[in-house]
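Because only heavy atoms are used, hydrogens play no part in the values below, and waters and symmetry mates are left out as well, while side chains stay in. Proteins come first, then strands; the chains are lettered A, B, ... in the order of their sequence lines, and each starts at number 1.
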Amino acid sequence: MSMAKARQPSPQPSRKQLLEFYESMALIRAFEERFVALVTQGKLVGTGHLCVGQEAVAAGVCGALEEDDYVTSTHRGHGHCLAKGVDPNEMMAELFGKTTGTSKGKGGSMHIADFRKGMLGANGIVGAGMPIACGAGLTAKLTKSGRVAVSFFGDGAANIGSFHEALNLASVWNLPVVFVCENNRYGEATPVEYALAADHVADRAVAYRMPGVIADGQDVVDVYAKAREAVDHARAGEGPVLLECETYRYYGHFLGDAAGYRTAEEVESFRSRDCLILLAERLRRDHEVGENQLDGIRAEMEARLDEAFAFAEASDDPALDELTTDVYVSYP
Amino acid sequence: MSMAKARQPSPQPSRKQLLEFYESMALIRAFEERFVALVTQGKLVGTGHLCVGQEAVAAGVCGALEEDDYVTSTHRGHGHCLAKGVDPNEMMAELFGKTTGTSKGKGGSMHIADFRKGMLGANGIVGAGMPIACGAGLTAKLTKSGRVAVSFFGDGAANIGSFHEALNLASVWNLPVVFVCENNRYGEATPVEYALAADHVADRAVAYRMPGVIADGQDVVDVYAKAREAVDHARAGEGPVLLECETYRYYGHFLGDAAGYRTAEEVESFRSRDCLILLAERLRRDHEVGENQLDGIRAEMEARLDEAFAFAEASDDPALDELTTDVYVSYP
Amino acid sequence: MTAEERVITTREAINEAIRDEMRRDSSVILLGEDVAGGAGREAEGLADAWGGAFAEYKGLQTEFGSERVLDTPISEIGYLGAAVGAAATGLRPVAELMFVDFIGVCLDPMMNQAAFLRFMSGGRAKVPLTLITHIGAGIGMAAQHSKMLYSFFTHIPGLKVVVPSSAYYAKGLLTAAIRDDDPVVFCIHKLLLGKQQHVPDEAYEFPIGQARIAREGNDLTLIGAALTTATCMEAAEVLVADGVDSEVIDLLSLSPLDEETVLASVRRTGRVVVVDEGFPRCGLATDVASLVADKAFDHLDGPVKKVTAPHAPVPFSRSLETAFMPSATDVREVALQLF
Amino acid sequence: MTAEERVITTREAINEAIRDEMRRDSSVILLGEDVAGGAGREAEGLADAWGGAFAEYKGLQTEFGSERVLDTPISEIGYLGAAVGAAATGLRPVAELMFVDFIGVCLDPMMNQAAFLRFMSGGRAKVPLTLITHIGAGIGMAAQHSKMLYSFFTHIPGLKVVVPSSAYYAKGLLTAAIRDDDPVVFCIHKLLLGKQQHVPDEAYEFPIGQARIAREGNDLTLIGAALTTATCMEAAEVLVADGVDSEVIDLLSLSPLDEETVLASVRRTGRVVVVDEGFPRCGLATDVASLVADKAFDHLDGPVKKVTAPHAPVPFSRSLETAFMPSATDVREVALQLF
Ligand SMILES: Cc1ncc(C[n+]2csc(CCOP(=O)(O)OP(=O)(O)O)c2C)c(N)n1
Ligand SMILES: Cc1ncc(C[n+]2csc(CCOP(=O)(O)OP(=O)(O)O)c2C)c(N)n1
Ligand SMILES: [Mg+2]
Ligand SMILES: [Mg+2]
């Protein structure tokens, strides 16, 4: 790791923590798969950008954060929200456009936010979250709150101007921000090898005088360890870090994308390193966790989603006058 | 030099070429100083961004270009225009807002352009020229014209999104574009050390998998040699290059800026390495050019400016109906 | 089915227009994010996987190759700036901005560069650039993917702006746009892409700057653009039962605007409702309404009415989104205030 | 000189408003390009060298330090996005965009983020952000540095937009903007910066959303904003000789718009000319004109008239630039068509 100063050795996650990661990843997986099922069954009309396959990044990075730390997310934000503690009931209700949703049904999948949880929002504009995270970091710095801001973004987003401006600004102002690239190898239908004129997104860190780190995004332990170091670095006032997590999305860009730009073999090769399977192996091997216990966790998460679905279904559509509320705090 | 493949050794400029550089730099200097004099004397109302001190960059880089190569410039564009062969009469007329100007008086200092000379325009928007140069490079590539596009930009512009997007794009598309950073140590009143989170702009080249080169911007021979190599590289189809020229502007950001953000000593130290003085020394030392001859060149350039001034002064203001012409090629 | 009867989708009409121009003129190129898809995978047989996020360009890279149909990184200011530079140096680029909402990251190349370059160079430059962009609500994509924003482009001198209302006009206007020597913004409503219409096989231009009378009538002029032309047509049918005979004008071009067609109609009917899915302030509806209020004032029998979206971001919830968009009921209600 | 008589420039009024709010509220910060100048040179005694490109902020960094008065790299989408993030997490940033023309590289943080965040979060977020930006022609900076563009901000739901016409209103509106919990765009015309006026010493708010009657009259309503308020006043004086008694309305806020003040005046005078330095299409003038044509129609004695800039980029040449901007002569000429 190329951090400027050596940090304390990153703590090995405890059994308890590992089980929490498993739970977090299983919740995200269950949420996404439930969403797919509901759409497929016609119970829910719409689409969304699923993060199935990438759960370890959300769980590992958010596992390294305090509750009041900030996160900015992307169009592919369900996992980040859940890992940051946003209520699945409210999230599901949001996807149903119900008034009990995180955004009263006015935001939808690409705009789920919960400021009470430090979740500053999914974002439909590629790259937009990175400067916003700088602002949250600036607040943290000026108010000496000790908080850190994490900005998730994709490999495709590494080619947009706001990436450049945000990373430079964070470095110039020495902000407590960790930029987490989820390199899932594609921006829509475009392979990262084509769009990114560099071998790794993390290679760009030197252009901003900040550490650039690569983690195995399928291994939540590696993600956690490197995120933890990066977060500690930022929290200690040593400036921003760029952390690239190598991962993969199993579904297409959005639900409905047939993903004809990649081979079945490629998908298979990544699925064989599924984050839940890898962690389950580790838990069995090093922590004597039995298959039963893991099945139990996954079943619990399914039950959690049953509840979320019931909650969402039972909730009301927003009243029509909600069309023009929340536009302003005050409009004289 | 970190070019991917070794190019032919860059040719040492001949005595004739050096004298051409001297002439080019002397013309730029004379143009800028004449502009200052005219404003000071109240013969011309307005302001502009002067490149006095930076002449070697324009002269050395454009000296490495063919007549039909493309150049995109910046707000500080007089030198680039002159070095690319734009007529000083038309340029001066433009500054006077006269109908004989490069842009019929409708563009002004920040928009001098002459497409017949491959000069695609000064630009009032920081960074805007870089993507435009990519487009010119794309035309060259697709039409196999063999042309190269050079994009001048400042150290301050290295922090704007279009820098990032243009360099990445040029690399992805393998375009014949040379990005020339005129690092004059300031973007307006902001020192480069503050705004740029890197030691050198050229350090950012690795983020785009292209060669990054630094030239002594006060030494036209060094600029020429490195520009020549970069241009050859691009023309040979080997892709874009980032060339940083270390230079300095003697005047403030614009004519009228008192430049209270820097010390007199700093200015003095750069003035002592003036590009005209350095080249004069070299000409005297290595090429037996006498002071007389150089005085003669400078006097010629002054005469050239007398002519330009007379031309501009004698020209007409645009007719009022020019207000709405040239908005469209055709407006049904 | 004879050639005359051929019915295709707006999506296909767009494809045809570009294809025909690319065949005709080797300087026409297409660039944008995933306009092909699977870039760099040609060897693996995976090229042209998307043909654009809305699949209008499917097959073009296969026919014209990756030199002329270029996928771009997610770098809107980069590739639109490049499109300007390419246009100014001899190519005739068709660039795509997937959603008009993304103009927030790349207005500059369209505004300060493409639109002004001719003027700023005193007529020495021209910028034959076509920008295709998707507008409008209706597919549940909420505030950041559903705006109209054509009023921004219309505000800017130097840009032409066209807004087809169906497949036929999409093909004709896009062909005209690509052949035009000025920068043209081609705004296509997402909900029109799948709609079908008879479209001639051969290439044709529909003139930029020309509106059309979609329905003739004597009592009232309804003015629409993009999707609201259909809304006006629907309202006109309903208004028959109210004893109102409506004329419907489909603007098609926003800049230049066909003032004469609008004014001639309103001068005859004396009543007007402008219907616009855009936001209400400083938008298209205010523009057309103020034109009428000035130049047809003496013929007006009542106030100049507008039906627009509310002054609010586009909501996600389906029920709210539906309410957000102008409906025939809204139009009828407002129209009846004039009688 | 007593306190009441104190006369200061608009530039100083802006400085005072920010200074007072920064003293009052430690969450107020100022950021932008060279808002101080000489960043990082404090040790060499070279700090605060510019105080902004137009010198409104001179002395603020000296008083409040470089933690609260932050120079930025040339990264508009970066620092405006950061301002949004800071505002949404508890600070109250005042950000500067040096020239409104640069919005082409940074509209997104204002439009898709700041303006919509409250709505998109179902009311959970607020964005108390003030954007100060310089508008207008008149200083020879041509097409890329002289536009108005306030109609863009006005178009966007979720943004408030204010446009002072003098030092007094600049101070009051800026104070109100900084204290407002919504994002506010404060557009200041460059030619106003050096103009002087009596301005009270103490802090005060001028309410956002309130226009003012700059001159009372009975025959005609002239409506202006920013510099065109003075143009209207001048025209009104000239029109006296024509026997026309003009009322002049200074809009001051464009969003929300004080519809009542506008409508009440026009209902009384029956005649209106809207004067706007912006481009003519989909702009401020069309907006106000269409309001009047709808809601004051029954009181109108003649067409709703507009005087705007031409549909052309702002030219460089001084003579053209002068002709570009609406003049009192233009206003008088159009006004007389109404009699
Ligand atoms: C500014 C902008 N440009 C384009 C898009 C359309 N778009 C949405 S997601 C996406 C791909 C993003 O790729 P990446 O950053 O790798 O994230 P991933 O989808 O892989 O998670 C694109 C191009 C957008 N939403 N915003
Ligand atoms: C997008 C944009 N932001 C800001 C400005 C204002 N501005 C004009 S020149 C300049 C400084 C540019 O610095 P640099 O790139 O180093 O060029 P130099 O002036 O030193 O030649 C700035 C901030 C602008 N014109 N465009
Ligand atoms: Mg990706
Ligand atoms: Mg500089």
Given the side-chain rings of A:Tyr251 and A:His49, with only the six-membered ring counted for Trp, is the space between their centroids under 6.0 Å?
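No.
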Name the one of A:Asp155, A:Val201, A:Val57 that satisfies side-chain contact (heavy atoms from CB on, under 4.5 Å) with A:Glu182?
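In the set A:Asp155, A:Val201, A:Val57, the residue that makes a side-chain contact (heavy atoms from CB on, under 4.5 Å) with A:Glu182 is A:Val57.
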When heavy-atom pairs shorter than 4.5 Å are enumerated against chain A, which of B:Asn159, B:Asp199, B:Leu196, B:Asp203 gives the highest number?
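If we count pairs closer than 4.5 Å to chain A, B:Asn159 comes out on top.
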Just so I understand: if I count every heavy-atom pair under 4.5 Å between each of B:Ala158, B:Gly161, B:Ser171 and chain A, which residue has the most?
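Going by pairs under 4.5 Å, I would pick B:Gly161.
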Looking only at side chains, do B:Tyr248 and B:Gln218 share a donor and an acceptor under 3.5 Å apart?
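No.
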Side chain, backbone, both or neither: which part of [X] has an atom under 4.5 Å from a heavy atom of chain B?
{"X": "A:Ala195", "result": "backbone"}
{"X": "A:Ala166", "result": "neither"}
{"X": "A:Leu169", "result": "neither"}

Pick one of side chain, backbone, both or neither for B:Ala170, based on which atoms fall under 4.5 Å of a heavy atom in chain A.
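Neither part.
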Measure distances from B:Leu167 to the heavy atoms of chain A and classify the residue's part below 4.5 Å as side chain, backbone, both or neither.
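Neither; nothing under 4.5 Å.
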On the 0 to 90° scale, with breaks at 30° and 60°, tag the A:Phe152-A:His80 ring pair as parallel, tilted or perpendicular.
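It falls in the parallel class, under 30°.
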Could you label the plane-to-plane angle of the A:Phe153 and A:Phe163 rings as parallel, tilted or perpendicular, counting under 30° as parallel and over 60° as perpendicular?
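Rings of A:Phe153 and A:Phe163: tilted, as their planes differ by 30° to 60°.
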Less than 4.5 Å apart, side chain to side chain, heavy atoms only: is that true for B:Arg204 and B:Glu244?
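Side chain of B:Arg204 against side chain of B:Glu244, heavy atoms only: no contact under 4.5 Å found.
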